[in-house]
Structure formats: C-alpha cells, structure tokens
Amino acid sequence: MMSGGPSDATHRKRRRRRGPKGSGVDGPSIPRAVTTNGAGPEEEEEVVEGKAMELDAGMSAAEVEGVVGSHLSETRFDQCPVSPLSLKAIKDAGYEKMTQVQEATLPIILQGEDVLAKAKTGTGKTVAFLLPAIELLSTLPRSPSINLLVICPTRELANQVAAEARKLLKYHRSLGVQVVIGGTKLPQEQRSMQSNPCQILVATPGRLKDHLENTPGFSNRIKGVKVLVLDEADRLLDMGFRRDIEKIIAFIPKERQTLLFSATVPEEVRQISHVAMKRGYKFINTVKEGDEETHSQVSQMYMVAPLDLHFSILYNVLKKHIAEDADYKVIVFCTTAMVTKLVAEVLSQLKLNIREIHSRKSQSARTKVSDEFRKSKGLILVSSDVSARGVDYPDVTLVIQAGLPADREQYIHRLGRTGRKGKDGLGLLLLAPWETYFLNSVQDLSVSQAVVPTIDSSIQTGVKDALGRVETKSKESAYQAWLGYYNSNKAISRDKSRLVRLAEEFSQSMGLAIPPAIPKLILRKMGLNNVPGLRSVVAKVGPWQPVSACLSPGHRDEILLARGAQAKSDIM
Ligand SMILES: Nc1ncnc2c1ncn2[C@@H]1O[C@H](COP(=O)(O)OP(=O)(O)OP(=O)(O)O)[C@@H](O)[C@H]1O
C-alpha cells in the first residue's frame, strides 16, 4: 500500500549525478548541461524505481511472474490522497487498483516534483499524469488561464487524452478541457476557446504554435500554465519536434511543474530532458532493469522474404489470423502515408474488411475511422505512424509492421498497440532480406523468426488480380513515397545505385513493368537528381499555381523526409 511520498520505503532510490565530460562523476560522460529553466551546469537526476521491482527474495516463481507480469499494483485509488470528486470519477470509469506507473508516480507528482516516467505501453500513463495534475488544478482559484498544458505528437492521441481528462473531470464542475489539433479550422478553435476558456488544454505542437502566433490573448492565457506534460516525450524531443517544443516552452512560465512520459526513454532523451525540466527532476522507471521494454505476453515474430512476396505473405497471414480468431482486430503498419494507401487498396481488393488511416486523409475521416476501430472487432486498420504511439484501441489481436520501422522506439510503440492492460497479443515484423540489419537494434527483445508460409497459387493469383485493379496513380505515389522513406534512411541510402535497385524491386512487387518517372523537382529535393536508373519528368506548374499544387499526394512528406528531417507523425 502506498503511504505517500518518495521517501516511502518501497521506492528504491539511487542518486545519479551527471557532471561535465570527463569529470569522473557517475554515469556516462555528457556535455555540460545548460538548462532553460535556470538550472546550473551540473545536472542532477534522481532515479526512483517503481514498486514493481521490489521483489521479495522469498517469492515463488509464480508470485514473481504475477507481480512483474501484471500492470496493476496492489494499491487502490481510494487509499491515496486524492479528492472525493476525482475518486468518484475514477470509480465511474471502472478503475479500482492503480497501475504500477500510477502508483509509482502519484505521490511524487503530488509533491510538486518534475518527473520523467518510463512505463510499458498500455499501462495507464495517461491517468498517471492527468490525475495528480487535476488534483493540483482543483486547488487553484478560478481564472481564464490555461493551467495544465498537455502536448501530444498526434491528433488522435490528443483527442484520446482529452477524452480521458473529461472522464476524470466528471465531478469537477469548475474545470474543463479543450483540444487544439491540426487539420481542423483554426477560427473555430479560436471561437470556442474565447467563448469557453478552459483550464486544461491538450494540443499538438504545430497547432499550438499557430495559436501562440495568431490567436489574440492566447499567449497571455498560456502564461497561467502550472503543469506542462509532454506525452510521448521522446518523440516530442526528437529532431522532428524539438524546435517547436522549445519555442512553445519559451512562452510558458519557468516556474511550473513538468512531466515527461513515455514507454521508451533513450539515453539521448535523458541527456536533453533539461530542455523542459528543472534540475533535480525524478526519473521514475517502472521497467525493471534487465526486463524487456515490451510485454512478455505479446509474442513477437519476424519474417524475412523478398519484397515481391510481401503482398502475398500479408494476405496469407491475415487470412489465417481471421480464420483462427473471429474477434480479430489487426493493425498493419506501413512505412509512409502513400504506401499505407496502396496497401489498404490492395487488401480491400482482396475483400478483407479494411480501414485506412494516415496524414493524407482529412481529419474528419481520420477521426471517423479511429472511433470505428476503437469500438469494432473483425476489422483491419492499415495505418501509417499516426497510430504508432499512445492510441488505445482495446483488444487488438495482431500488429503487423511491414517494412522497416523508423527506429527501435517506433517498433516498440507500434507493437504496443496490442497486449494492452495485461492482455495477450501478437506482433509480426515483415522484412526484406536487406532490411534485416534492423534486427540488431531489437536483439534484446524476444523477437523470434517465423517461417515464411508456403504461398499457394490461389493466393498468388488473387494478389496479382488485386494489384491489377489498383489505380496506377496509387502505385506511382507509393513508389515515390517508398523511395523518399528509404532515401532518408542512412544505412540504405548510402549506396544510391543499390537504393534505386531496391526501389525497382518495390515497383515490380506492385506489378509495374518499369518504375514510374518522378518529377525533377522531387528528385532534386531528395538529392537524387542525376542518379542513374531513376526516370524523371518535368512537372507542369501554371503561373498561378504554387509548386506544391503540382505535387502528387505524398510529395510534401517525401520532400521533408528527403531533407533528412525525422518525419513528424502529424504528416505521416
Ligand atoms: N488504474 C486503471 N485500471 C484499469 N484500467 C486503467 C487504469 N488506468 C488506465 N486504465 C486504462 O488502461 C488503458 C491504457 O492506458 P493508457 O492509454 O494511458 O496507456 P499508456 O501507458 O499511456 O500507453 P502508451 O504507451 O501506448 O501510450 C486505457 O484504456 C485506460 O483507460
């Protein structure tokens, strides 16, 4: 049971001082830390391990499994220093026991500490940061200021966090939540914020910046922020978002509490966490040292096969899974938005029950598909990385990752869409032989090789016919997107003639006789002009058209990728 406070004996602590390079201080040498919130050159981080790791030496194997394997702790919410209004809402939501990350972080956040928390996917991190933040807000005098700002990398996740906040706010009648996300009308959001200013704002970085720059009075309201949350913190602090986040942080008071949450916290993120957090922040890690960052009840497999078999393998695996589980609910992750569109079209032609989600879809279509997938069974969602992180679709039975994930972290987050809340799950990573180097980065996880299934002729014919019915335009866009994605991958793009050969393989796998021509402008932006083997066309641009207007869907993303920017989930 939690008696409150980081001094609780169930919390093991070790203090970790990080000094300037070569200072001989414990931990890896890092450059001199200069913080944005007044911390000195020496960064201090306190590592607090969650109660989950406190295993009694006398425990039986089954007991140990029960503690480590379970996402729930033994502590009930009603044993915590939480207001009756929140407790009532928690009860209505059906939560009784705290999850381990909630138990480990609540007392420390309630004490006003800055926290960087790591806990596996689907273990209740959202409530872990929302609940104590709401407790703090409920003690503040009423004002039109924004007091809690939650930043999320994708729109679907922002909506989901706001929905969870609304659940917890059910009886806190004086507190409200609003969402600002890209893909919706800015003036509409401006009007709604003016007519009903809320204390809690959940936002994606781009749209938040837009409001800071264009919405009258908004930068003043944000000066009221007392708690800042970066959900999926490592994603928000990587190169794709960091500059936006730094700009946003510059508008927020330095005197605040900052909470960073994610299932993955690479060392680089800990090293730059001072961008957002105060010196002396607490690092709460509920993943036991030596334990895998993925769930043991999720069985992970990889399969290696030439690209020209990938559509057939995908069809075969899906058909088999559907036959085995009437309540199937599958997510197929693809490398880019336009490849996602193509895969969805091919699988739809094969009469599977497919929905498609990626950045090239309108926000209303994305929201509709996301809501439908949340509630349904017997459905396959073909998705780009817009669904990779945070989104909580219950009872996903299988996650397939077709092609290289952006990195180890993205692999873990995508896989984490299954096996949530302690449930079972299956993961399959489908790679071409030249992509197998990726397996090195996940070798500490239990990913085992699966045998490539025998593809019978009916499957082959079915796939060929389906590909024949898909529009050539979709294939052309997928080819360009594919080239852009792999061109942004240093390991593969180093040898351009090999990249071109591989892209041709992909083109053949879609049933194209010759690889499509690519607008010169795009090739130039990708740094691939004059590379032998790539055909180019001059895109027609009218005098009244911006260059972007002549780009086929997906080009904008590919340009960003080609510039070497880490693609933002928002545009994937
Ligand atoms: N104490 C609890 N008891 C039961 N269910 C809970 C509890 N807390 C949260 N949940 C539920 O657990 C599910 C997963 O929570 P959440 O989406 O916050 O996980 P997460 O750790 O943020 O995952 P990810 O790393 O994928 O973002 C949600 O459906 C949420 O409503």
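Just so we're clear, the structure is a prediction, and the values are computed from it rather than from any experiment. Start at 1 and go down the list; that is how both ligands and their atoms are numbered.
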[X]-[Y] side chain donor-acceptor pair, cut-off 3.5 Å:
X: Thr75; Y: Glu103; answer: yes
X: Glu189; Y: His211; answer: yes
X: Glu135; Y: Ser86; answer: yes
X: Tyr281; Y: Ser273; answer: yes

Quick one: nearest non-hydrogen protein atom to [atom], plus distance?
atom: atom 14 (C) of ligand 1; answer: Asp392 OD1, 3.6 Å
atom: atom 30 (C) of ligand 1; answer: Tyr95 OH, 3.6 Å
atom: atom 17 (O) of ligand 1; answer: Arg420 NH2, 3.0 Å
atom: atom 21 (O) of ligand 1; answer: Lys125 NZ, 2.8 Å
atom: atom 18 (O) of ligand 1; answer: Thr126 OG1, 2.5 Å
atom: atom 9 (C) of ligand 1; answer: Gln102 NE2, 3.6 Å
atom: atom 23 (O) of ligand 1; answer: Gly122 N, 2.8 Å

So for [X], does at least one of its heavy atoms come nearer than 4.0 angstrom to any atom of ligand 1?
X: His71; value: no
X: Ala119; value: no
X: Glu232; value: yes

Considering only heavy atoms, does [X] approach ligand 1 within less than 4.0 Å through its side chain, its backbone, both, or neither?
X: Phe77; result: side chain
X: Lys97; result: backbone
X: Arg389; result: neither
X: Thr121; result: both
X: Lys421; result: side chain

Against heavy atoms of [X], which atoms of ligand 1 measure under 4.0 Å?
X: Arg417; answer: 26 (O)
X: Lys120; answer: 21 (O)
X: Thr123; answer: 19 (O), 20 (P), 21 (O)

Exercise. With Gln257, which residues qualify under side-chain hydrogen bond (donor to acceptor under 3.5 Å, both in side chains), at least two apart?
Worked result: none
For this session: Please determine which of Val339, Leu342, Ile400 meets the side-chain contact (heavy atoms from CB on, under 4.5 Å) test together with Cys334.
Result: Val339
Problem set entry | Heavy atoms of other groups near Arg243 CZ, more than 12 under 6.0 Å | no
Problem set entry | Selection residues 377-404 - residue pairs positive for ring-ring contact (aromatic ring centres under 6.0 Å, His included), sequence neighbours left out | Phe373-Tyr393
For this session: Assign the ring pair Tyr95 / Phe77 to parallel, tilted or perpendicular, where the plane angle (0 to 90°) is split at 30° and 60°.
Result: tilted
Exercise. Under 3.5 Å between some N or O of ligand 1 and some N or O of Gly124?
Worked result: yes
